[in-house]
Structure formats: C-alpha cells, structure tokens
Amino acid sequence: MARIVGGIATSHVPMIGSAIARGLQNEPFWKPFFDAYKPVHEWLEAVRPDVAVLIYNDHGLNFFLDKMPTFAVGAAAQYYNGDEGWGLPVVPPFPGYPELSWHVAESVMADEFDITTCQEMLVDHAFTIPMALLWPGEGSRAIRTVPITVNHVQYPLPSPARCYKFGQAIGRAIESFDDDLRVVVMGTGGLSHQLDGKRAGFINKPFDLMCLDKIVGDVEAITRLSTLDLVRQAGAQGVEFQTWLVMRGALTGEVVKKHSSYRVPISNTAAAVIVLENKYPALAEIA
Amino acid sequence: MARIVGGIATSHVPMIGSAIARGLQNEPFWKPFFDAYKPVHEWLEAVRPDVAVLIYNDHGLNFFLDKMPTFAVGAAAQYYNGDEGWGLPVVPPFPGYPELSWHVAESVMADEFDITTCQEMLVDHAFTIPMALLWPGEGSRAIRTVPITVNHVQYPLPSPARCYKFGQAIGRAIESFDDDLRVVVMGTGGLSHQLDGKRAGFINKPFDLMCLDKIVGDVEAITRLSTLDLVRQAGAQGVEFQTWLVMRGALTGEVVKKHSSYRVPISNTAAAVIVLENKYPALAEIA
Amino acid sequence: MAPNERGRDEIPGMIIFDGRQAMKGYALNKMCFSFNSQENREAFRRDEDAYCDKFSLTAEQRRAVKDRNVLALLSAGGNIYYLAKFAGIFGLNVQQIGAQQTGMSEEEFKAMLVRAGGQ
Amino acid sequence: MAPNERGRDEIPGMIIFDGRQAMKGYALNKMCFSFNSQENREAFRRDEDAYCDKFSLTAEQRRAVKDRNVLALLSAGGNIYYLAKFAGIFGLNVQQIGAQQTGMSEEEFKAMLVRAGGQ
Ligand SMILES: [Fe+3]
Ligand SMILES: [Fe+3]
C-alpha cells in the first residue's frame, strides 16, 4: 500500500526560478534563502519518496477562461513546461504516474469532488520551481509526479474549507493505492502577497506567521476563514495558501513539524517553506 | 426573483437533427415522433419561459481528454455550434445569459460543487437538437440559455446521486437569482442505448418505463443506483439519463407530469420526452 | 480500487472507458478528435499513413484504423465518441457501426432494435 | 447573491476578478493569453493595432493597452495573470508593475516590501 511520508509546502515565486537559471544560489541575497532548503533535502533523503503529489495553481499557462476548472488532476505520462510569456526559461519535462493519477481521480470522485482530468497538462512555474527547490539538478526527474491544480484565477474560487476537504480526499486516495510507494504531498504558493491594484505590494507578516503555526496543529483556525478573508489578510495572491490547505488535508490528523523558514521579501512575496511529517507508526515498517 | 416553471427532458439523437435539417417532420416514420412534441409546445406557450438552463453531455465537440470536466457551466454571451465530424449541419448560435451563468456558478460553488466555468463553449447536437425540438424555427433563438454539461465520455463519471444533488444546487441557484424570470430546466439524452462493443444495439424498455415513472414521484429509486447499474440496465450511453436526474433535482420536491412519450427505436436509441411542472403556488403571482 | 470501479470488467460485450483505456488510447483519440475539422478529415483522406504518423499511433491502432475495425479500435483504447468522427469520414452511421460490431447485417441490426421496442 | 460573493467590493485598492470582470475583459484576456507564444508577442510588437483588432478589443481596452496602464487594464476587465504576459513583452517585472500601480518609484516600492518584512 502507498504511504504518505509527509507534506511540504513552499512558495513558488518566479524570481526564484530565474535565480536558479542564472546560478545565483550563492550570491549574498540568495544564499540564506536557498540554505533554508537544506534541511528539506536532508528530510527527503531520510524519507526517500517515490512520488510527489503536487498541488499548485496554474497562472494562465495550461488553463484559460474558456475552460477553467476548480480542481484538475493531471493524468499524463509526462508533464511539459511551457513559455509563460515573461522570460522564465522552459525546463525539460517531468515524469508522471498516470496509474496513480487515475486512482486519485476515481477515489476523489467517489468522495463527491467534481474534478477535471487532464491527459495533457503544461506545468507552470508553480510546479517547476518547487521541484527544482526540493530536488536540485537531476533529482527532480527521478521522482514521479501527480500534478493537481486549484483555480486561483477566476472567481468563484473554492473555499479554504473545501480545499482542506479535497486534501483529505486526496489523502484517502493515495493511502488506498495498491502499490508499495512512499508519497510526499506538496502545496505551492503564498504566503502573503498581492500583484494587482493599488493594493499591490501588500504583505501581512503577523498573518503569515499565524498560518505557519496553525497549519501544524490547528488547521481549523484557517479553514474557518472564507476565501475573501484570505484575500483581506494575505493579499489577492495570498489565496495560494489554499494549496497548503490541500496538502495539509492529505496528511493524517496529527503531524510533526520538521522544518520551516520564512523570508520577506522575495520579489513581491513573503516566501516560506515548511516540512510536516505524518505521525505514522507504519513509516518504519516500509523503510 | 427567478422561478423555475418546470423541467423538460428529451432524447437528443443525431438522426433527429438530420430529419429536421431535411424537413422530414411529416414523413410517415417521423410524424408520430414529432407530433409527440406538440403538447410540449403547448405547455411552453402556457408557461412562457424566458430562459432555458440546459443540462447535457458533450460528445467530443467542446471537450477533449486534455481537459475533461465532470460538470461545466457555460458563461458566454453566445454559444456557437460546430462541426462534429459526421455530417450534421452547423446551426446558428444561441444567445446566452452570462449574468445568470455566473450566479449559478457562484451559488453551486458555495454548495461545494467543483465546477469548470466556460467563457467560450461550443454546443453540440445534445444542445441544439433539444432546442430545435422544443422551439422549432426562430423560437429557439428568442430564449436565452445557460448550458451545463455532465461528463459521459471519460470515467470516472459522477454518480446518479451526485447528479441529482447537483441539480438541487442548480435549483437553489436559479431560485435565488434576483431578476424576475421564468426558467425552464432541461435534461437531454437517453433513454436506453449502446453504441459501442458487441453489446451495441442494447435497449431495455422495461427499465426505461420504470425511469419515466419514477422520475416523477420516486426519484430516489433511481439515484440509489450506481453509474455502473445504469450502464448495465440502460446501456453504455443510457447513462445520459443522469442529465434527467440533474434536471429533476432542480425542481421542487413535488412535481406534476404534464406529458410524456416513449418511442423505440429512433436510430439506435429509445427516444423519450417528458414535461414536469413544479407545484408552485407562486407561479400565478409572476404571470 | 475505489468503490465506483468495482465490476467494470463484468459487463459482457463492452469496455468501460476509464483510465486504463485512456492511457492506451490517447494518441488515437486525439487523432479522431481532430476530425471535427473538415480540413483534417481531408488530410487524412489524402494520406492516411502520414496522418497517423503525425499522431504517433501504435502499431495496433494503425492496424485497426487501416481495417476500419471498430471493435479493434475500441480495444486499442479508442473512445466511441471520438471514433464516431473517424467513422464519419466514411459516412458510416451508428446502425452500420452497430452492425459491424455485432457481426450482423445492417438490416438484422435494425430489426433487432425494432424488436426491442416491442418488448 | 451567493454567500461567497458578499463583501467583494469592500477591499480597498483591488478588484476581485469574478464574473463581472470576466464578462468585461474576455477579449483583452484572450489577447494576453496568446502572449504565451513568442510568435504572438512578436506579432503584437510588429503591429499593435492590427493585433488588437484581431481580438476585437473595446476602445477602453485599446486605450489602456496603448498607455501600458495596468490599473486601466484591470478596470477594463483584465486579469493580472494574463496581464503579466502583456507586461512581459516590455520586460516589466512584478516590482515595476507594483510601482506603476501604487504611484511609487521602483525603489520606493521595494523599500515598502522590505519594511513589511521587518514588522
Ligand atoms: Fe503564484
Ligand atoms: Fe448522446
């Protein structure tokens, strides 16, 4: 049976992608940021996941307003990156795991989530940058992936509570997959930031720190909020925190925080990363 | 406030479309079939709907497997028909009602249905033929429409129970729309038929007659079934009956059957039409 | 296995188009979906092999396409809704497709449907 | 009004991109979405007016496009995720876009972000 070894959430700011593309990881501005991922690499080496189920929001690469799904599940053998229009270099494709994708699709549909399935899906920076951060270099193509998107472009968006429940359904789906696999669940985006309007540049550090705290042991404090509460508190693009809620929903009730880091600003954004481990007595058994 | 005046479900067999295109309505084979729609026209003249919310399944015109939504809500000002590849003439576009579409989208999302919104949407024969049957000639462009699709192409499909609940959410959505409107809800497809495999040509008249009966006063007898039960009993394409369940869900608990007709075969299909009226004391008030 | 998947292989004479078929048939279905366009139907008619190359069909799919064999197309992962567009190129209607799949003549197939109406 | 719609107009300095904006902005957003392709970005650069014609932009949208005015583009129904692709044509990054919208210099805008981190 598949086991979820834990969850990771990380920001996916495009500027991180260009820093990687230009090899700036050791420049004074960037070094502390990239160093914060070293404990994540160590954790990943310890838990050795076979698959990453990666929840993110598409920023207008794969989806347009003609067909805008609330939740979409990728079901392809390969996921290609594409030109997003503002200069980030296109990276090579990532291997998928269509059998697991279809199992997740079947299972969450049985749980009454009305997903869109995608047998082709271009993955944007919100997928590729977290992959590059967690598995620098070749490593990010040695792990198989299931990309899952949450709509943050066109309102109505799903509520934080619905996102969390979707995560719970994904968790049940993964853990009922027959193959012996170690799965890491990822959420990407956030924390507080706003790109559009006179409110551009909005950041809310106290709210972010509250979220980083509550996501560990009191997630209902956040799922109680409405989408609009999130916009108010975290900025228009701060709603990306919903991908963190999906990730968190996929974990068991109790988790251990293994690592977290918070840094403001990276580009316009409060950047953060967190590693949560499922409290599994079973983890040792599949070691 | 908008009021649902009732619901209509009808088959959408392509051959009906070519009969209309070729003007065969009075030919011996077709006359009884088309005559069965006269009571429907009379009912429509009596209730005078302003809007049709039309639930159907796309047959590979608007959606492909790269982005296959479980439930999609059209939100365009115009809906164009398109070439489906096997010879049905392309008909002129239908006027939409984007304000109502967005209201439905907001409302069903608040009820935890994870829809896909479509600001462009090609409507196929499952939309155009029922429109032509109900409003022959120019009439079908005098009424505004909200097309809503249910996936019947790629499994997992939604269950009959989920479809019925989706209909209930659509009903609540319509009835909470601020404008004074009379709305007819339509479901299109079915009844029993199967196009693919050695089982092609499968028809189950007793099951169809049961459905035509139970949809009026005992819909739970059908929503209890699984999707696979529907396939077994009604054939692979008989699952289109799910669009009838969405329509029925949008009506109030109690309905009156105003008309129904059943005819086998039209092409490979058991063709049927039914008119259900909501038991509204309020109907007279908005007359 | 999710509860909704149980029993899918147990209905005789048909294949449920789920993920297993989808994985097998994507190239074929993508080609057939392209036949919504007149231009593409003509391109196929002009040079069938080149058109199949463009979509990287498997050997099994090419064979089934060449043979216009609906059952073989289905077992190679084809979905009936997209295959209908392929059949449209040859002007085949659903009765003719039904007859081919059931091994009946078109008249026999139609007669079977008429009998079903008289149950 | 559905419960999730309440209060959307009450957050100062921003527009929630819901159906109202979507209805207004479809042509503009469709044009901006097309800028995912290098070829289309070049076509726009070559003949801006012809490119706007192709997507039937409204007069308000054309004005905002001509002025590279992000606030005006937003109020004409533009969605920030698609507008970012338009901004990409001119090599504008999100700080420069932020500075333009808030009426700050780029340095002032960046300093504001740094201050937010020290809260
Ligand atoms: Fe983002
Ligand atoms: Fe149909």
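Chain A is the first sequence line, chain B the second, and so forth, proteins listed ahead of strands; every chain is numbered from 1. Scope of the values below: all heavy atoms of this structure, side chains included, with no hydrogens, waters or symmetry mates.
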Check your understanding: Is there a side-chain contact between A:P160 and A:F241 (heavy atoms, below 4.5 Å)?
Key -> no
Check your understanding: For A:M109, is it the side chain, the backbone, both or neither that has a heavy atom under 4.5 Å from a heavy atom of chain B?
Key -> side chain
Check your understanding: Does anything in residues 150-160 of chain B pair up under salt bridge (Lys or Arg N to Asp or Glu O under 4.0 Å), and if so which pairs, sequence neighbours excluded?
Key -> none
Study note, to complete from the structure: Closest heavy-atom pair, B:A234 versus B:F202, reported as atoms and distance to 0.1 Å, is C-CE2, 3.8 Å
Point to revise | Residue pair B:I148 / B:I170, side-chain heavy-atom distance below 4.5 Å | key: yes
Considering distance alone, list the donor-acceptor pairs between chain B and chain A shorter than 3.5 Å.
unit_1, atom_1, unit_2, atom_2, d
B:N62, O, A:K67, NZ, 3.0
B:L65, O, A:Q119, N, 3.1
B:K67, NZ, A:N62, O, 3.0
B:M68, N, A:T117, O, 2.9
B:M68, O, A:T117, N, 3.1
B:T70, N, A:I115, O, 3.2
B:T70, OG1, A:I115, O, 2.6
B:E112, O, A:R162, NH2, 3.1
B:E112, OE1, A:R162, NH1, 3.4
B:E112, OE1, A:K165, NZ, 2.9
B:E112, OE2, A:K165, NZ, 3.0
B:D114, N, A:D114, OD2, 3.0
B:D114, OD1, A:R162, NE, 2.8
B:D114, OD1, A:R162, NH2, 3.4
B:D114, OD2, A:D114, N, 3.0
B:D114, OD2, A:R162, NH2, 2.7
B:I115, O, A:T70, N, 3.2
B:I115, O, A:T70, OG1, 2.6
B:T116, OG1, A:T116, OG1, 2.9
B:T117, N, A:M68, O, 3.0
B:T117, O, A:M68, N, 2.9
B:Q119, N, A:L65, O, 3.1
B:Q119, NE2, A:Q154, OE1, 2.9
B:Q154, OE1, A:Q119, NE2, 2.9
B:R162, NE, A:D114, OD1, 2.8
B:R162, NH1, A:E112, OE1, 3.4
B:R162, NH2, A:E112, O, 3.1
B:R162, NH2, A:D114, OD1, 3.4
B:R162, NH2, A:D114, OD2, 2.7
B:K165, NZ, A:E112, OE1, 2.9
B:K165, NZ, A:E112, OE2, 3.0

Study note, to complete from the structure: What one should report as the nearest heavy-atom pair of A:A126 and A:L54 is O-CD2, 4.1 Å
Review point. Is any side-chain heavy atom of A:F177 less than 4.5 Å from a side-chain heavy atom of A:M1?
Key: no
